[in-house]
Amino acid sequence: MLGLNKKDTSLLIIVGILTMLAPFILNPFPEGSAMAQFNAGYPDLMQRFVIFGIFAIGFNILFGLTGYLSFGHAAFLGVGSYSAVWMFKLLSYNIIPAIALSVVVAGVFSLLIGFVSLRRSGIYFSILTLAFAQMSFALAYSVLSNPKFNLTNGETGLQVYADDPQILQGANSPDLPHLFGLPMRATYTLDVGAWSFDFNAGYYLCAVIMMVVFYLAIRIFRSPFGMMLRAVKSNQQRMNYTGLNSKPYTLAAFVISGMYAGLAGGLMAAMDPLAGAERMQWTASGEVVLMTILGGTGTLIGPVLGAGFIKYFENIFSKINDNVLHSWFAFLPDGLEDAVVFLIHPFIGKGWHLTLGILFMLVVIYLPGGLVEGGQRLLNRLKRKKSKSDDATSGKTEPAE
């Protein structure tokens, strides 16, 4: 199917089913219940899951296949966002031209940075990409916000104003990002008993795009080009000794990865027409590194799992406060309740980074292959138990010789 083997086809179908049914899967608890705090099926968070999944998939093409660790991919994310918002300002709120421009501009920008950065490898490459990203952040935050040629609007962020040209904006077109008239914020709510499920147009657009780029990533991983990138990661020096020039391959991987990041940035602007310099900070680059390592470097589904894991903690655990904790442990005696809340308090709210850091350390120590390795171990254990039970059953039914 679509040029994929049976295993990859099954993976693509499973990811597609999980993505399409996300509004149901991510809302397991009834509205108004104490556990509803952990529901993640609202549009804004689901959009972040798939957008950062795209970002991490692209980063994994570079880091997972070639071993080149970039600390500057947030620059392409920010460039994609700025490009999309400028397209909204100049043409219209239709997201197709905005997303297309974000991918193209991010590709050209990554070509320039990659051409310079890939002259070095290892930690020197990582530092170079970090330096370029910080330079881009500084430019967007201050230099390019000069009133004479205001391209980024500085710390306020670039957004669409009523006096912008928008030369292709029709009189009856929505005043928000849309797909040929379908607003990205359009949401249909389905109430089933105590449960409420939101089906958002913007989420499903991002989900379809993620499925397309996930399919492209599979084809890249299984292609001769992907094999060459693996050879670079395995032993680039030996590859060069055979007469093969690895630089075009690594540069192509860098540009493809940057275009994925630009696409993610464009989708972020399409969901919320605002672009700020904070998207280009080094923390955003570090976040995608964590997503990839946490999910499983070099695996296909790992970066998506890592992106969902981190964004879930960022949006769900950061909202838990002392009042929520007191409601959970109200059944305890007053003194014990206060003690439990006091012990948990540093790990929730603004301290969610501490919880994430502890979980990240546990994964790195006990699951070096990330969440994918954890899933594989669980499946292998279940298979062994099943085989043992089958052997026991067959031993009881077969007569002795």
Once side-chain hydrogen bond (donor to acceptor under 3.5 Å, both in side chains) is applied, do any residues pair with Thr19, and if so which ones, sequence neighbours excluded? none
Could you report the tightest heavy-atom contact between Arg185 and Pro273, atom names first, then the distance? NH2-CD, 4.2 Å
To the nearest 0.5 Å, tell me how far Leu77 CG sits from Met280 CE. 8.5 Å
Taking the six-membered ring for Trp, is the centroid-to-centroid distance between Phe313 and Phe309 below 6.0 Å? yes
Partner set under ring-ring contact (aromatic ring centres under 6.0 Å, His included) for Phe24, not counting sequence neighbours: Phe197, Phe199
Any salt bridge (Lys or Arg N to Asp or Glu O under 4.0 Å) involving residues 154-178? Give me the pairs, sequence neighbours left out, ordered by first then second residue. Lys89-Asp164
Testing the 3.5 Å rule here: is there a donor-acceptor pair between the side chains of Gln281 and Tyr141? no
Are Glu31 and Ser196 linked by a side-chain donor-acceptor pair shorter than 3.5 Å? no
Applying salt bridge (charged side-chain N to carboxylate O under 4.0 Å, His left out), name anything that partners Asp8, two or more places apart in sequence or on another chain. Arg222
Salt bridge (Lys or Arg N to Asp or Glu O under 4.0 Å): which pairs involve residues 281-303, sequence neighbours left out? Glu287-Lys311
Drop me the distance from Gln134's CD to Ser285's OG, to the nearest 0.5 angstrom. 8.0 Å
Ser173 versus His178, side-chain donor and acceptor atoms under 3.5 Å: no
Between Arg238 (side chain) and Ala231 (backbone), is there a donor-acceptor pair under 3.5 Å? no
Between the main-chain N or O of Gly41 and the side-chain N or O of Asn27, is there a donor-acceptor pair closer than 3.5 Å? yes
Sole residue of Phe76, Phe115, Tyr260, Phe63 in ring pair (Phe, Tyr, Trp, His ring centres under 6.0 Å) with Phe254: Phe76
The side-chain hydrogen bond (donor to acceptor under 3.5 Å, both in side chains) partners of Asn200 (sequence neighbours excluded) come to Gln47, Thr187
